[in-house]
S.K.: 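Take a look at the following structure, please.
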Amino acid sequence: MLQKIFDKTFWKFMLVGVANTLFGTAVMFLFYNLFHFDYWVSSAANYVFGSILSYILNRFFTFKSKTATKKTLWRFVANISLCYLCAYGVAKPLVRWMFSSATPAFQDNVAMLAGMCFFMGLNYLGQRFFVFREQQEK
């Protein structure tokens with residue numbers, strides 16, 4: 001099972017993830033710290049814009065999908081939504097508990113960063129085994 005998870009697709013996904021994370025982090029922290037949007041709007045903006053980039057890069061580079069079906073797109077949207085809710089549903093309460101004496105801005109910034117890390121792991125598994133499953137089975 002681990003060989004199936006940690007193959008060349010994993011490393012391509014990680015490379016895309018680094019580019020996507022840098023892009024998403026810039027979007028998220030700009031929205032929060034420069035434009036003063038709240039935590040949820042800032043992190044959601046990251047995943048809206050980052051998800052578009054992720055879908056394009058992973059479809060063509062990581063999973064080499066030649067087909068663009070509505071089913072794949074809807075699976076992608078469902079995967080991103082579920083990963084977002086799981087990652088940030090856990091990250092924010094956990095960081096608030098761990099850094100209870102810190103300022104709310106510090107807590108939000110750490111929670112956004114922690115949520116991104118958790119999100120990336122869940123997202124890889126979701127894209128690999130749910131969204132682009134057909135391409136992996138061929």
S.K.: Under the rule for side-chain contact (heavy atoms from CB on, under 4.5 Å), what residues qualify as partners of Ser81, not counting sequence neighbours?
M.R.: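 side-chain contact (heavy atoms from CB on, under 4.5 Å) check on Ser81 returns Val77.
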S.K.: side-chain hydrogen bond (donor to acceptor under 3.5 Å, both in side chains) with Tyr84: which residues, sequence neighbours excluded?
M.R.: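 Partners of Tyr84 under the side-chain hydrogen bond (donor to acceptor under 3.5 Å, both in side chains) test: Ser43.
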S.K.: Enumerate the residue pairs fulfilling salt bridge (charged side-chain N to carboxylate O under 4.0 Å, His left out) with a member in residues 20-39, sequence neighbours excluded, ordered by first and then second residue.
M.R.: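 Output for this query is empty, none listed.
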S.K.: Under the salt bridge (charged side-chain N to carboxylate O under 4.0 Å, His left out) rule, what pairs show up with a residue in residues 25-35, not counting sequence neighbours?
M.R.: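 Those involving residues 25-35 do not exist here.
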S.K.: Is Leu73 close to Tyr55 at the side-chain level, that is, under 4.5 Å between some pair of heavy atoms?
M.R.: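 In short, these two side chains touch, coming nearer than 4.5 Å.
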S.K.: If the condition is side-chain hydrogen bond (donor to acceptor under 3.5 Å, both in side chains), which residues does Ser54 pass it with, not counting sequence neighbours?
M.R.: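 Asn58, Gln127.
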S.K.: With heavy-atom distances below 4.5 Å as the criterion, would you say the side chains of Thr62 and Leu57 are in contact?
M.R.: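 Sidechains of Leu57 and Thr62: no contact.
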S.K.: Can you confirm whether Trp74 sits close enough to Thr69 that some side-chain heavy atom of one is under 4.5 Å from a side-chain heavy atom of the other?
M.R.: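 Contact flag for Trp74/Thr69 side chains = no.
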S.K.: Who are the ring pair (Phe, Tyr, Trp, His ring centres under 6.0 Å) partners of Phe13, not counting sequence neighbours?
M.R.: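 Ring pair (Phe, Tyr, Trp, His ring centres under 6.0 Å) check on Phe13 returns Tyr124.
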S.K.: Linking Ile, Leu, Val, Met, Phe, Trp and Tyr through side-chain heavy atoms less than 4.5 Å apart, which residues share a cluster with Ile56?
M.R.: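 Ile56 shares its hydrophobic cluster with Ile52, Phe60.
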S.K.: Taking side-chain contact (heavy atoms from CB on, under 4.5 Å) as the test, write out the residues that go with Ser42, two or more places apart.
M.R.: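 Listed in chain order: Met28, Phe31, Tyr32, Phe37, Met112.
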S.K.: Nearest heavy-atom pair of Gly115 and Ala87: which atoms, and what distance?
M.R.: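 So the minimum-distance heavy-atom pair works out to O-CB, 3.4 Å.
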S.K.: So which heavy atom on Asn79 is nearest to which on Leu122, and how close?
M.R.: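 Heavy atoms only, the tightest pair is OD1-O, 4.3 Å.
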S.K.: Only counting residues at least two apart or in another chain, list the ones meeting side-chain contact (heavy atoms from CB on, under 4.5 Å) with Leu82.
M.R.: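 Listed in chain order: Cys86.
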S.K.: Throw together a table of side-chain donor-acceptor distances under 3.5 angstrom for residues 93-104, partners on residues two or more places apart or in other chains.
M.R.:
residue, atom, partner, partner atom, Å
Arg96, NE, Gln107, OE1, 2.9
Arg96, NH2, Asp108, OD1, 3.4
Thr103, OG1, Phe106, N, 3.1

